[in-house]
Enquirer: 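My structure is below; once you've seen it, I'll send some questions.
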Protein chains: 2
Amino acid sequence: MKYQKIPEATIRRLSRYSRCLEEMEESGEEVVSSAQLASRCMVNAAQVRKDLAYFGEFGIRGVGYHVKNLLNDIKRILGSNKEWRMAVIGVGNLGSALLSYKDFLKQNYKIVASFDIDPPKVIGRVSEKLGKPVEIFHVNRLKEIAKERKIEIGLITTPPSEAQSVADLLVEAGVRGILNFAPTQIVVPEGFVVKDVFFTTILDNLAYLLSNN
Amino acid sequence: MKYQKIPEATIRRLSRYSRCLEEMEESGEEVVSSAQLASRCMVNAAQVRKDLAYFGEFGIRGVGYHVKNLLNDIKRILGSNKEWRMAVIGVGNLGSALLSYKDFLKQNYKIVASFDIDPPKVIGRVSEKLGKPVEIFHVNRLKEIAKERKIEIGLITTPPSEAQSVADLLVEAGVRGILNFAPTQIVVPEGFVVKDVFFTTILDNLAYLLSNN
DNA sequence: TCAATTTTGTGACTCCTTTCACAAAACTTG
DNA sequence: CAAGTTTTGTGAAAGGAGTCACAAAATTGA
Ligand SMILES: NC(=O)c1ccc[n+]([C@@H]2O[C@H](COP(=O)([O-])OP(=O)(O)OC[C@H]3O[C@@H](n4cnc5c(N)ncnc54)[C@H](O)[C@@H]3O)[C@@H](O)[C@H]2O)c1
Ligand SMILES: NC(=O)c1ccc[n+]([C@@H]2O[C@H](COP(=O)([O-])OP(=O)(O)OC[C@H]3O[C@@H](n4cnc5c(N)ncnc54)[C@H](O)[C@@H]3O)[C@@H](O)[C@H]2O)c1
C-alpha cells in the first residue's frame with residue numbers, strides 16, 4: 001500500500017477501535033473480525049479494514065485480528081502507547097474536575113502540574129482523593145515548571161479572555177499540544193497543535209438535530 | 001436553491017459563525033463580508049457562502065451581511081434561538097462543573113434540574129454562586145421531574161457503567177437529546193439523539209498529531 | 001491432500017464536501 | 001446616471017471519504 005494522507009476521521013475511529021478493543025481484552029476475547037469490531041463501533045466493516053490498511057497489515061485472512069496485538073498496534077499508531085505529560089491551566093470548576101479525572105491516567109495521559117493566577121488557590125495541592133496530589137503553581141512559573149516537568153500538552157481551563165495569553169505562555173514554554181476548553185479561537189504558530197472542546201457547539205448540534213427531526 | 005441534505009460539518013460551522021458574530025455584535029460591527037467572517041473562523045470564504053446558501057439568501061451583493069440579522073438567522077436555523085431546558089445526571093466532579101458553567105446560560109441552554117443516586121448529595125442545592133441554585137433530586141425521580149420541568153436534553157456525567165441505564169431512563173422520560181460525557185457507547189431508539197464528548201478521544205487525536213509532525 | 005469456508009486487503013466506484021470562478025446584484029463615485 | 005467596484009450566490013470542477021466486491025490468504029475438515 002503506497003503512502004496516502006491519512007484522514008482525520010480515520011484517526012478518530014482508531015481511537016474508537018482502541019476503546020472497544022480494550023473492553024474486549026478485559027472480557028477475555030482473543031480474536032476479533034473486522035465485522036465484529038465494526039458492529040461494535042457502529043461503522044462499516046470495510047471501513048475498519050481500510051482504516052488499518054493505511055498503516056500496514058495487521059490481520060490474518062480467514063481468522064481476523066488478535067485483540068491484544070491490534071490494540072498495541074493502534075496505540076503505537078496513535079502515539080498513545082507512551083505516557084503523555086500534561087498540565088491544567090486554570091484550576092476552577094472545570095480544571096478541578098479534570099484534575100480528578102481517572103480515565104486520563106488509565107489512558108496514559110498524566111497531569112503532572114496545574115497553574116492558576118488566583119493567590120488563594122496557589123497554596124497547596126488538589127485532587128488528593130486520587131492518592132496522587134497535583135501541585136498548583138502560580139501561572140508566572142509556567143515556563144519554568146513546564147520545562148522542568150517535560151510538559152507536552154496543556155489543558156486550558158481559564159476564562160476565555162485569558163485563553164490566548166495562556167496559549168502564548170505555553171507556546172513560549174515549548175508545550176506543543178493544547179486542548180482548549182475556553183470558548184474562543186486560539187492562534188498558535190506552525191508546529192503547535194490546538195484542539196478545541198466547545199460544549200456549546202456540540203449542544204448547538206444537538207439543538208439542530210432536535211429541531212429538525 | 002433546491003433542497004439538499006445538509007452536511008453535519010455545515011452545522012458545526014454555523015455554530016462557529018454564530019460565536020464569531022456574537023463577538024462582532026458585542027464590538028459594535030454592523031456589517032461583515034463572507035471573507036471577513038471566513039478568516040475569523042479559519043475557513044474558506046466560498047464555504048461560508050455555500051453553508052448559508054443551504055438555508056436561503058442572507059447577504060446583500062456588494063455589501064455583505066448584517067451582523068445582527070445574520071446572527072438571528074443562524075440561531076433560528078440551529079434552533080438555538082429558543083431556550084433549551086436541560087438536566088445533569090450525576091453530580092460528581094464534572095457534573096458540578098457543568099452546573100456552574102455560565103456560558104450555557106448565555107447561549108440559551110438552561111440547566112433546570114440535576115440528579116444523583118448518592119443520598120448525601122441528594123439533600124439540597126448546588127451552584128449557589130450563580131445566584132440560580134439548581135436542585136438535586138434522587139435519580140429515581142427522573143421521569144417525574146423531567147416531565148414536570150419539560151426537560152429536553154440530558155447531560156450524562158455518571159460513571160460509564162451507569163451511562164446506558166441512565167440513558168434508558170431519559171428515553172423513558174421522553175428526553176430526546178443526550179449529551180454523553182461517560183466514555184462508553186450509548187444506544188437509544190430511533191428519534192432520540194446522542195452526542196458524545198470523549199475527552200480521551202480528542203487527546204488521542206492530539207497525541208497522534210504531536211507524534212507525527 | 002484438496003475442496004470448502006472464512007475473512008482479510010484493496011482496486012474501483014459512488015457519494016459527499018470543498019474550492020474555484022464568474023455572472024448577477026447592489027452600492028459608490030464622479 | 002453610467003462606469004467602476006465590491007461582494008454575493010451558485011454551477012462546475014476537484015478533491016476526499018466511504019462502500020462494494022472480489023482475489024488472495026489462511027484455516028478447517030473429510
Ligand atoms: N464549568 C464548565 O463546566 C465548563 C464547561 C466547558 C467549558 N468551560 C470553560 O472552561 C473555562 C473555565 O470554566 P470554569 O467554570 O472552570 O471557570 P472558573 O472561573 O471556575 O475557573 C477559571 C479559573 O481560571 C483561573 N484563571 C483566570 N485567569 C488565569 C490566568 N491568566 N492564568 C491562570 N489561571 C487563570 C481563575 O483563577 C479560575 O480559577 C472557561 O473558559 C469556560 O468557558 C467550562
Ligand atoms: N472528571 C472529569 O473531568 C471528566 C472528564 C470527562 C469525562 N468524565 C466522565 O464523566 C463521568 C463523571 O465523572 P466524574 O469525574 O464527575 O465522576 P464522579 O464519580 O465524581 O461523579 C459521578 C457521579 O455520578 C453519580 N452516580 C452514580 N451512579 C448514578 C446513577 N445511576 N444515577 C445518577 N447518578 C449516579 C455518583 O453518585 C457521582 O456523584 C464519568 O463517566 C467520567 O468518565 C469526567
Side-chain angles (χ1 to χ4, degrees), chain A residues 1-17 20-21 24 29-74 77 205 208-209, chain B residues 1-17 20-21 24 29-74 77 205 208-209:
Chain A
M1 169 127 206
K2 62 176 183 295
Y3 178 80
Q4 281 185 257
K5 197 193 158 295
I6 287 118
E8 170 119 356
T10 290
I11 301 302
R12 264 199 302 278
R13 280 190 299 268
L14 286 181
S15 178
R16 296 254 283 291
Y17 305 156
C20 276
L21 289 166
M24 291 178 178
E29 294 165 71
E30 300 204 334
V31 171
V32 66
S33 71
S34 60
Q36 290 172 298
L37 186 55
S39 87
R40 207 103 166 213
C41 296
M42 316 272 262
V43 299
N44 180 294
Q47 183 80 78
V48 170
R49 298 199 294 276
K50 185 135 269 191
D51 283 338
L52 294 173
Y54 284 112
F55 303 96
E57 304 196 3
F58 304 100
I60 306 160
R61 298 184 184 207
V63 180
Y65 303 86
H66 274 285
V67 171
K68 237 188 179 93
N69 295 352
L70 186 57
L71 182 56
N72 279 337
D73 288 328
I74 290 181
I77 292 163
N205 240 284
Y208 173 78
L209 293 171
Chain B
M1 169 127 205
K2 63 174 184 295
Y3 178 79
Q4 281 185 257
K5 199 194 157 294
I6 287 120
E8 170 118 356
T10 290
I11 301 302
R12 264 199 303 278
R13 280 190 301 266
L14 285 181
S15 179
R16 295 253 284 291
Y17 305 156
C20 276
L21 289 166
M24 290 177 179
E29 295 163 71
E30 300 204 334
V31 171
V32 66
S33 71
S34 60
Q36 290 173 298
L37 186 55
S39 87
R40 211 99 168 211
C41 296
M42 317 272 261
V43 298
N44 180 295
Q47 183 81 78
V48 170
R49 298 198 296 274
K50 187 132 266 192
D51 283 338
L52 295 173
Y54 284 111
F55 303 96
E57 304 196 2
F58 304 100
I60 306 159
R61 297 185 187 209
V63 180
Y65 303 86
H66 275 285
V67 171
K68 238 188 179 89
N69 294 352
L70 185 58
L71 182 56
N72 279 337
D73 288 328
I74 291 181
I77 292 163
N205 240 282
Y208 173 77
L209 293 171

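Just so we're on the same page: letters track the sequence lines, and every chain starts at 1. If you're wondering where the values come from, they're calculated on a predicted model, not measured in any experiment.
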Enquirer: What is the distance, rounded to the nearest whole Å, between atom CZ of A/R16 and atom P of D/dG18?
Expert: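 So the two atoms are 11 Å apart, to the nearest Å.
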Enquirer: Please state whether the base of D/dG11 and the side chain of B/K50 form at least one donor-acceptor pair under 3.5 Å?
Expert: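 When only heavy-atom distances are counted, B/K50 does reach the base of D/dG11 through a donor-acceptor pair under 3.5 Å.
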Enquirer: Quick check: are there more than 12 heavy atoms from other residues, nucleotides or ligands sitting under 6.0 Å from CD of A/E29?
Expert: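 Yes, because the 6.0 Å sphere around CD of A/E29 holds more than 12 heavy atoms from other groups.
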Enquirer: Is there a side-chain contact between A/S15 and B/Y208 in this structure, where contact means two heavy atoms from C-beta onward sitting under 4.5 Å apart?
Expert: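 No. Closest side-chain heavy atoms not under 4.5 Å.
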Enquirer: Quick check on DNA chain D: between A/V63 and A/N44, whose nearest nucleotide comes earlier from the 5' end?
Expert: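 Mapping each residue to its closest nucleotide by heavy atoms, the 5'-most match is A/N44.
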Enquirer: Between B/A35 and B/A45, what is the shortest heavy-atom contact and its length?
Expert: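 Minimum heavy-atom contact is CA-CB, 3.9 Å.
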Enquirer: Is there a side-chain polar atom (N or O) of B/Y65 under 4.0 Å from OP1 or OP2 of D/dG9?
Expert: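 Looking at the OP1 and OP2 atoms of D/dG9, one of them is under 4.0 Å from a side-chain N or O of B/Y65.
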Enquirer: Quick one: A/R61 CZ to D/dT28 P, roughly how many Å, whole number?
Expert: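 Interatomic distance, CZ of A/R61 to P of D/dT28: 17 Å.
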Enquirer: Of all the heavy-atom pairs spanning A/Y17 and A/C41, show the shortest one and how long it is.
Expert: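 The pair with the smallest heavy-atom distance is CD2-SG, 3.7 Å.
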Enquirer: Would you say B/Q47 places a side-chain N or O within less than 4.0 Å of OP1 or OP2 belonging to C/dT17?
Expert: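 No, outside the criterion.
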Enquirer: Within the pair A/S33 and C/dT7, is there a side-chain N or O less than 4.0 Å away from OP1 or OP2?
Expert: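 So the side-chain polar atoms of A/S33 never come under 4.0 Å of the phosphate oxygens OP1 or OP2 of C/dT7.
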Enquirer: In this structure, how many angstroms lie between the C1' atom of D/dT6 and the CD1 atom of B/I60, rounded?
Expert: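 Roughly 13 Å, once rounded to whole Å.
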Enquirer: Nearest-Å distance, CD (B/Q36) to P (D/dT7)?
Expert: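 Going from B/Q36 (CD) to D/dT7 (P), I get 8 Å.
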Enquirer: Quickly work out the B/R13 CZ to C/dT19 C1' distance and round it to whole Å.
Expert: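 So the two atoms are 12 Å apart, to the nearest Å.
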Enquirer: Please state how far atom NE2 in B/H66 lies from atom C1' in C/dC27, giving the value in whole angstrom units.
Expert: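 Going from B/H66 (NE2) to C/dC27 (C1'), I get 12 Å.
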Enquirer: How long is the line joining OH of B/Y54 and P of D/dT8, in whole Å?
Expert: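 It is 18 Å, rounded to the nearest whole Å.
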Enquirer: Of the nucleotides C/dT17, C/dG9, C/dC22, which has the atom closest to the B/R49 side chain?
Expert: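 Selected nucleotide: C/dC22.
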Enquirer: Using atom CG of A/D51 as one end and atom C1' of C/dT10 as the other, report the distance to the nearest whole Å.
Expert: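 Spelled out: CG on A/D51 to C1' on C/dT10 is 14 Å.
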Enquirer: How far apart are the closest heavy atoms of B/L37 and B/V32, and which atoms are they?
Expert: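 What the structure gives for the nearest pair is N-CG2, 3.8 Å.
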